[in-house]
Amino acid sequence: MSTIEALAASLEGARRSGAAIPQLTLENAITLSDAYAIQHEGLRLRTEEAGEHVSGLKLGLTSKAKAEQMGVEDVIVGTVTDAMAVPEGNVLDLSTGVHPRVEPEVAFRVAREVDLSDPQVDLLGAVDAVAPALEVIDSRYKDFRFTLEDVVADNTSASRYVLGPWSPSAGDQPLAGRTVSLTVDREVVATGTTSDILDDPWEALPTTARLARTHGHHLPAGSVLLAGAATAAVTLQPGTSVVADIEGLGTVMLQTKGEQ
Ligand code: OOG
Ligand code: MG
């Protein structure tokens, strides 16, 4: 059994080289708590050693479509950094990725600093805006296959994200029941509804607070929370234009380039 540090380093190596590795759980007995320790060590490599800054948190597997696609049922949490944020309008170069996929999401802005270790934390009350988002996920494992513990260790496959326009929003704005579509080069490739995200995207706030408290995640002021995909993810190809449209919230676009 390798150490937490060695396993985190092998995932980070796969991310940097673009060469997928075997699932950690094939050779190592990893508990969920070990998996989050590996995730946190991977984040430490990216922040303390590589100078990235935490820009928010993300939930994964909050929709049935995603749970079924990946064969993993539990909701998971990961961390995103400023290096993962792709400003809308920038072209994402895919030549350094492993096997990226894209999925449509709802994002929340958490305006003020919150103490996620506090069981009484009012994360919902700290949200001041909502936006359509695209998440690029890129598993560091071969064939994009993993167990719950593998994907948690791999920071929930986090790779990149793009945010659309923020709409000011307090917790009372209805967000359930809105149609979501994902379009690649003007062709609709996936559709769903925001109700697919935990029945209501607002549920992402208490869910994040609970998972963050259990697994030791933090959120600086002004950070983003990605609530999870509403549809299955779609393989991202170079030289394409991807748009997520969320009814009433607007659209967000990502353009890609790179070698096929
Ligand atoms: C795990 C990450 C899932 C989501 O929105 O459900 C996720 C994966 O599918 O690789 O980000
Ligand atoms: Mg996602």
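Everything numeric here is computed off the predicted structure, so don't read it as measured data. Just so you know, ligand 1 is whichever comes first in the structure, and atom 1 is the first atom listed for that ligand. The figures here come from the full heavy-atom set of this structure, side chains too, leaving out hydrogens, waters and symmetry mates.
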Contact atoms of ligand 1, heavy-atom distance to E105 under 4.0 Å
5 (O)
Ligand 1 versus V151: contacting region, heavy-atom distance under 4.0 Å
side chain
List ligand 1 atoms under 4.0 Å from I137, heavy atoms only on the residue side.
8 (C), 9 (O), 10 (O), 11 (O)
Heavy-atom contact check, 4.0 Å cutoff: does Q69 meet ligand 1?
no
Distance to 0.1 Å, residue and atom name: give those for the protein heavy atom nearest to atom 2 (C) of ligand 1.
T156 O, 3.2 Å
Taking atom types as modelled, find out whether Q39 and H217 have a side-chain donor-acceptor pair closer than 3.5 angstrom.
yes
Check the side chains of Q173 and S169 for a donor-acceptor pair under 3.5 angstrom, ignoring hydrogens and angles.
yes
Identify the protein heavy atom lying closest to atom 9 (O) of ligand 1, giving its residue, its atom name and the separation to 0.1 Å.
K66 NZ, 2.8 Å
For a quick check under 3.5 Å, do Y141 and S157 share a side-chain donor-acceptor pair by atom type?
no
Which ligand 1 atoms, with their elements, are less than 4.0 angstrom from a heavy-atom of F144?
10 (O)
Heavy-atom contacts with M70 under 4.0 Å: which atoms of ligand 1 show up? List them by number with element.
9 (O)
Show me which atoms of ligand 1 lie under 4.0 Å from any heavy atom of G228.
5 (O)
For the pair N28 (side chain) and I30 (backbone), establish whether a donor and an acceptor sit closer than 3.5 Å, ignoring hydrogens and angles.
no
Between the side chains of K58 and T156, is a donor N or O closer than 3.5 angstrom to an acceptor N or O?
yes
Rounded to 10°, how big is the angle at the Mg ion (ligand 2) from E103 OE2 to E135 OE1?
100°
Any idea which part of S157 is under 4.0 Å from ligand 1, heavy-atom wise: side chain, backbone, both or neither?
side chain
Counting only nitrogen or oxygen atoms and a 3.5 angstrom limit, does E135 reach ligand 1?
yes
So which bit of E103 gets within less than 4.0 Å of ligand 1, heavy atoms only: side chain, backbone, both or neither?
side chain
May I ask you to list the atoms of ligand 1 that are less than 4.0 angstrom from any heavy atom of G60?
3 (C), 4 (C), 6 (O), 7 (C)
Are D150 and T147 close enough that a side-chain donor and a side-chain acceptor fall under 3.5 Å?
yes
Looking at the Mg ion (ligand 2), which N/O/S atom of E105 is the nearest one?
OE2
Answer side chain, backbone, both or neither: which part of K58 comes under 4.0 Å from ligand 1, heavy atoms only.
side chain
Expected output: side-chain D196 to main-chain S63 donor-acceptor under 3.5 Å
no
Backbone of Q237 reached by a side-chain donor or acceptor of T240 within 3.5 Å
yes
Quick test: of every protein heavy atom, which one is nearest to atom 6 (O) of ligand 1, and how far off is it to 0.1 Å?
L61 N, 2.7 Å
Does the E88 side chain pair with the main chain of M253, one donor and one acceptor, at a distance under 3.5 Å?
yes
Would you say W202's side chain and L124's backbone share a donor-acceptor pair under 3.5 angstrom?
no
Donor-acceptor check, side chain of S195 to backbone of G177, threshold 3.5 angstrom: yes or no?
yes
